[in-house]
Amino acid sequence: MAAIASIHAREILDSRGNPTVEVDVTLDDKSKGRAAVPSGASTGIREALELRDGDKQRYGGKGVLKAVKNINTTVADALKGMDATEQESVDKKMLELDGTEYKKTLGANAILGVSMAVARAAAISKDLPLYRYLGGDAATLLPVPCFNILNGGAHADNSVDFQEYMISPVGATTFSEAMQMGAEVYHALKSILKGKSYSTAVGDEGGFAPNLKSNVEALDVIMEGIEKAGLKAGDQIAIALDPATSELYREDQGNYLFWKSDESRKSSEEMIDLWASWADQFPIFSIEDGLGEQDWDGWKALTKRLGDRIQLVGDDAFVTNPSIIKQAIADGVGNSSLIKVNQIGSVTETLEAISLSQSGNYTYMVSHRSGETPDDFIADLAVATRSGQIKTGAPCRGERLSKYNQLLRIEEELGSSAEYAGTMIVKGK
Ligand SMILES: C=C(OP(=O)(O)O)C(=O)O
Ligand SMILES: [Mg+2]
């Protein structure tokens, strides 16, 4: 028994300069766990509620003092004395206290912060690294890092409609080699962009955010970057996209508006045609939110057309919600879940979303949010759950590197038992 002795939350700032919740949990045996909560910009409509104060005098209404107070009063009182190693009971208790489907009473940011800090404290109490505490002896698989090296959409002030263009070093033999490949392509891309007189300023996730002439030019410059780095596109570096098209979808008209580039529109079918033609021309292995969260029928058609050769990841479409993932599996929608801890708001439900994905033979990719802190919980989570893939931005900026660097430490600690997911994540390999 490792009883919870105290819980203390505070307001800190995230990578966009917005307030977020940080929680310290201390156990009777003096073990201490700390966790901070991330925050999205292109959020799904069915995500659990991020409780913000709404007081325009502080941070334009974005303060999180209400969530902090909920933790320091209601949650702290109720959880005191509970066994921190009983994660499910702790999370269940918070869900009961909240009593709403979307965690509107306490705030998903309050519940998640406590949930993660409890897991950390329990791991320390058991003298285990977090990945081992959460994943047991099977926690030996290092994920393929999907580096978002070119930012658009809601994450950048540029002309690119699609949000994330990622490179995945599937042909590396170790995680550390994958890091080197990713960083080398990132630097090569920078010099290619400079050579074309494009800006090398970065977006929210550290990828470059140039004003390209078209959305496909992003793929052209990335292919050039891969070549310039002396690597082979496809065999060594595969491409993953997150066009985040819920941001483009106009439900009233049932089509997709390219609002950042030329204001043109595409139907669902035309979007599917676009992905099929890009997948023919470029080594794309994964497309996330290729259609909007409200376009469920479109998703079915997309999955029928491309599901046997491309990983189709539901982010806004599934919001890490076990019941939505269950529905998706039943309906043949997508074949992979994005896993974001704050979309659902507790460690237990995150693990449930993963088990459900596994049960439907869906792959799953652990993910950061565009607003992050140096908290590296998701690095351990990816190893613990053998996700095989993680996306946590470009290989730069502290709040992104905290995760990648933690994975380098885990790889070192695992020594000869460390495995690297590599090509095992690519369909058909
Ligand atoms: C990480 C993402 O962005 P955000 O955190 O803004 O939802 C995403 O859409 O996958
Ligand atoms: Mg996404």
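Residue numbers run from 1 in the order of the sequence given. Each ligand, and each atom within it, is numbered from 1 in the order the structure gives. This one's a predicted model, so the numbers in the text were calculated from it and none came from an experiment.
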Exercise. Show your reasoning for whether salt bridge (Lys or Arg N to Asp or Glu O under 4.0 Å) applies to Asp14 and Arg369.
Key: CA-CA 11 Å; Asp14 72 10; Arg369 296 312 301 252; over 6 Å; no
Quiz item: Does Ser42 reach ligand 1, in the sense of a heavy atom lying below 4.0 Å from it?
Solution: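 Within the 4.0 Å threshold, so yes.
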At a 4.0 Å threshold, what atoms of ligand 1 neighbour a non-hydrogen atom of [X]?
X      : result
His368 : 1 (C)
Gln163 : 2 (C), 3 (O), 8 (C), 9 (O)
Arg369 : 4 (P), 5 (O), 7 (O)
Lys391 : 8 (C), 10 (O)
Asp242 : 8 (C), 9 (O), 10 (O)

Quiz item: Who's closest to atom 3 (O) of ligand 1 heavy-atom-wise, of His155, Gln343, Arg16, Glu47?
Solution: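 Shortest heavy-atom distance from atom 3 (O) of ligand 1: His155.
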Self-check item: Glu217, CD atom: more than 12 neighbouring heavy atoms under 6.0 Å
Solution: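 Counting other residues, nucleotides and ligands, CD of Glu217 exceeds 12 neighbours.
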N/O/S atom name from [X] that is nearest to the position of the Mg ion (ligand 2):
X      : value
Asp242 : OD2
Asp315 : OD2
Glu288 : OE2

Quiz item: Looking at OG of Ser199 and CG of Leu212, how far apart are the two atoms once the value is rounded to the nearest 0.5 Å?
Solution: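 With rounding to 0.5 Å, OG (Ser199) is 10.0 Å from CG (Leu212).
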Quiz item: Between OG of Ser336 and CZ of Phe318, what distance do you get to the nearest 0.5 Å?
Solution: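 Going from OG on Ser336 over to CZ on Phe318, the span is 8.0 Å.
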Exercise. Examine Ala41 against ligand 1 and note whether any of their N/O atoms are separated by less than 3.5 Å.
Key: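 It does: an N or O of Ala41 is found under 3.5 Å from an N or O of ligand 1.
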Quiz item: For ligand 1, is there an N or O atom under 3.5 Å from any N or O atom of Ser39?
Solution: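 No, since none of the N or O atoms of Ser39 sits under 3.5 Å from an N or O of ligand 1.
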Quiz item: Looking only at atom types and distance, does a side-chain atom of Arg16 sit under 3.5 Å from a main-chain N or O of Ser39, one as donor and one as acceptor?
Solution: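 Side chain of Arg16 to backbone of Ser39: a pair is present.
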Nearest protein heavy atom with distance in Å, relative to [atom]:
atom                   : result
atom 1 (C) of ligand 1 : Glu205 OE2, 3.4 Å
atom 8 (C) of ligand 1 : Lys340 NZ, 3.0 Å
atom 4 (P) of ligand 1 : Ser370 OG, 3.4 Å

Quiz item: After noting the C-alpha distance and the side-chain angles of Glu88 and Thr348, does the key distance pass the side-chain hydrogen bond (donor to acceptor under 3.5 Å, both in side chains) rule?
Solution: CA-CA 6 Å; Glu88 257 185 72; Thr348 300; 5.9 Å; no
Practice problem: Would you confirm whether the ring centroid of Phe208 sits within less than 6.0 angstrom of the ring centroid of Tyr186? | Solution: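 Ring centres of Phe208 and Tyr186 closer than 6.0 Å.
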Practice problem: Could you tell me whether Trp275 and Phe162 have their ring centroids closer than 6.0 angstrom? | Solution: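 Between Phe162 and Trp275, which both carry aromatic rings, the centre distance is below 6.0 Å.
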Exercise. Take Lys103 and Glu349, measure what salt bridge (Lys or Arg N to Asp or Glu O under 4.0 Å) needs, and give me the verdict at the end.
Key: CA-CA 12 Å; Lys103 303 181 173 66; Glu349 291 162 291; 3.0 Å; yes
Quiz item: Does Leu248 reach the side chain of Leu257, with side-chain heavy atoms less than 4.5 Å apart?
Solution: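 Side chain of Leu248 against side chain of Leu257, heavy atoms only: no contact under 4.5 Å found.
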Quiz item: What heavy-atom pair brings Gly388 and Ala421 nearest, and what distance separates the two atoms?
Solution: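 Closest approach of Gly388 to Ala421, heavy atoms only: O-CB, 3.4 Å.
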Quiz item: Measuring to the Mg ion (ligand 2), does Asp316 have an N/O/S atom at a distance below 2.8 Å?
Solution: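 Of the N, O and S atoms in Asp316, none lies under 2.8 Å from the Mg ion (ligand 2), which means no.
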Quiz item: N/O/S atom of Asp289 under 2.8 Å from the Mg ion (ligand 2), yes or no?
Solution: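 Under 2.8 Å: Asp289 has no N, O or S contact with the Mg ion (ligand 2).
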Exercise. Under 4.0 Å, heavy atoms only, figure out whether ligand 1 is touched by the backbone of Asp204, its side chain, both or neither.
Key: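 For Asp204, no heavy atom sits under 4.0 Å from ligand 1.
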